[in-house]
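Scroll down for the structure; my scribbles are underneath it.
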Amino acid sequence: MEVPCIDLAAGYLELKPELDKAVKRVLASGSYVLGENVDAFEAEFAGWLGAAAAAAVGSGTDAIYLTLKALEIGAGDEVITVSHTAVNTAMAVLKAGATPVFVDIDPETFGMDPRLLEAAVTGSTRAIMPVHLYGHPVDMDPVAKFADDHGLAVIEDCAQAHGAFYRGRAAGTIGKAGCFSFYPTKNLGACGDGGAVVTNDPELAARIRSLANCGQDRDSRERRRNIFRGDVSRLDELQAAILRVKLRRLSLQISRRREIASFYRRELSAAVALPVEKDWARHCYHLYVIRSKERDRLKKHLAAAGVEALVHYPAPAHRQPAYARLARGPLPTTEAAAAEVLSLPVFPQLQEAQLDRVAAAVASFHPAA
Ligand SMILES: *Cc1c(COP(=O)(O)O)cnc(C)c1O
């Protein structure tokens, strides 16, 4: 493909000298887990978001799972979330022993529709987990108000929302905790798996750090005191060192993503349904998702023109064989989105000629209807 949907090697080449140096330094240090890079990254990432604390963990899935565990949300408890998301959202809730309860989404933002919370809440509900999908924040004020009124925790799935803002506040700093992924394709991606929980509650962060490290009290590591029955889900020093280099460039890269989105808005608005950015939102364009009733035909047309477009996600969680038992009421907006969404290439290293090629390929598609 002349224009891949994402090019991770280009992301490496852009920062090669700094990344190579950081990796070599870790290799030579002999300190590979729970070292200075993890501590420094936690502080730097929390600072970048304007949060009090961050706890680095092994993946975005575990960021969600360990947050639930730290809040003692598990067997018999329900967590209201959405089905139109990476399956990891539901998987992490199940891993904690709790049950995900799906509500439908807003057709414009692809995020949780807060008006549907009332019908989903039960005596077993403990938390609400909005997913800031594609990088557009969920309308958080009504979610937070509903949670307050019902005594529920708000846990934000921020795996796609590094650099998204809701009414001037960074996604991940609005609820009790924000769960981030550093899977390689994310806006801030490691060269392997990684995740972090961001919170304004330093005690919660400490509990998550402990749970991620065998339940040991990290502040008294030498004594190997197990204060919880924990897991092994640590961010390692190599990934932390890589993430520290990339974090320094992240704000610029998100600006570049937004420039690409502006270009698409200018060039494509006549041809297809483009992503919406609400006036209360700052989209970080993790994915640039258009809609088409002829999605599959458009995807093939683009491929023939050398443009790779991907579908995020072809089936909602409750349509996956492993999670079908979670299906309850109908989710018509979720189902429609799964049939129509298409992600165009958006990554900071895209060249102007590649962008022109995407625009031309989309413009030359002739809808049947
Ligand atoms: C990627 C992703 C996750 C999980 O992150 P991992 O690091 O892959 O475990 C969770 N939720 C959403 C919405 C994601 O996109």
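Counting starts at 1 for both ligands and their atoms, following the listed order. As the structure is a computational prediction, the values presented were derived from the model and not from experiment.
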Identify all side-chain donor-acceptor contacts of residues 188-200 below 3.5 Å with residues at least two apart in sequence or on another chain.
from: Thr199; atom 1: OG1; to: Lys176; atom 2: O; distance (Å): 2.9
from: Thr199; atom 1: OG1; to: Asp201; atom 2: N; distance (Å): 2.9
from: Asn200; atom 1: OD1; to: Ala52; atom 2: N; distance (Å): 2.9

Between [X] and [Y], is the ring centroid distance below 6.0 Å?
{"X": "Tyr323", "Y": "Phe102", "result": "no"}
{"X": "His312", "Y": "Tyr134", "result": "no"}
{"X": "His84", "Y": "Phe110", "result": "yes"}
{"X": "Phe41", "Y": "Phe182", "result": "yes"}

Polar side-chain atom of Glu267 near backbone of Arg265 as donor-acceptor pair, under 3.5 Å: no

Between ligand 1 and the protein, tabulate every N or O atom pair separated by less than 3.5 Å, reporting distance only.
from: ligand 1; atom 1: 5 (O); to: Ser181; atom 2: OG; distance (Å): 3.2
from: ligand 1; atom 1: 7 (O); to: Gly60; atom 2: N; distance (Å): 2.8
from: ligand 1; atom 1: 7 (O); to: Ser181; atom 2: OG; distance (Å): 2.6
from: ligand 1; atom 1: 9 (O); to: Gly60; atom 2: N; distance (Å): 3.3
from: ligand 1; atom 1: 9 (O); to: Thr61; atom 2: N; distance (Å): 2.8
from: ligand 1; atom 1: 9 (O); to: Thr61; atom 2: OG1; distance (Å): 2.5
from: ligand 1; atom 1: 11 (N); to: Asp157; atom 2: OD1; distance (Å): 3.3
from: ligand 1; atom 1: 11 (N); to: Asp157; atom 2: OD2; distance (Å): 2.8
from: ligand 1; atom 1: 15 (O); to: Gln160; atom 2: NE2; distance (Å): 2.8
from: ligand 1; atom 1: 15 (O); to: Lys186; atom 2: NZ; distance (Å): 2.6

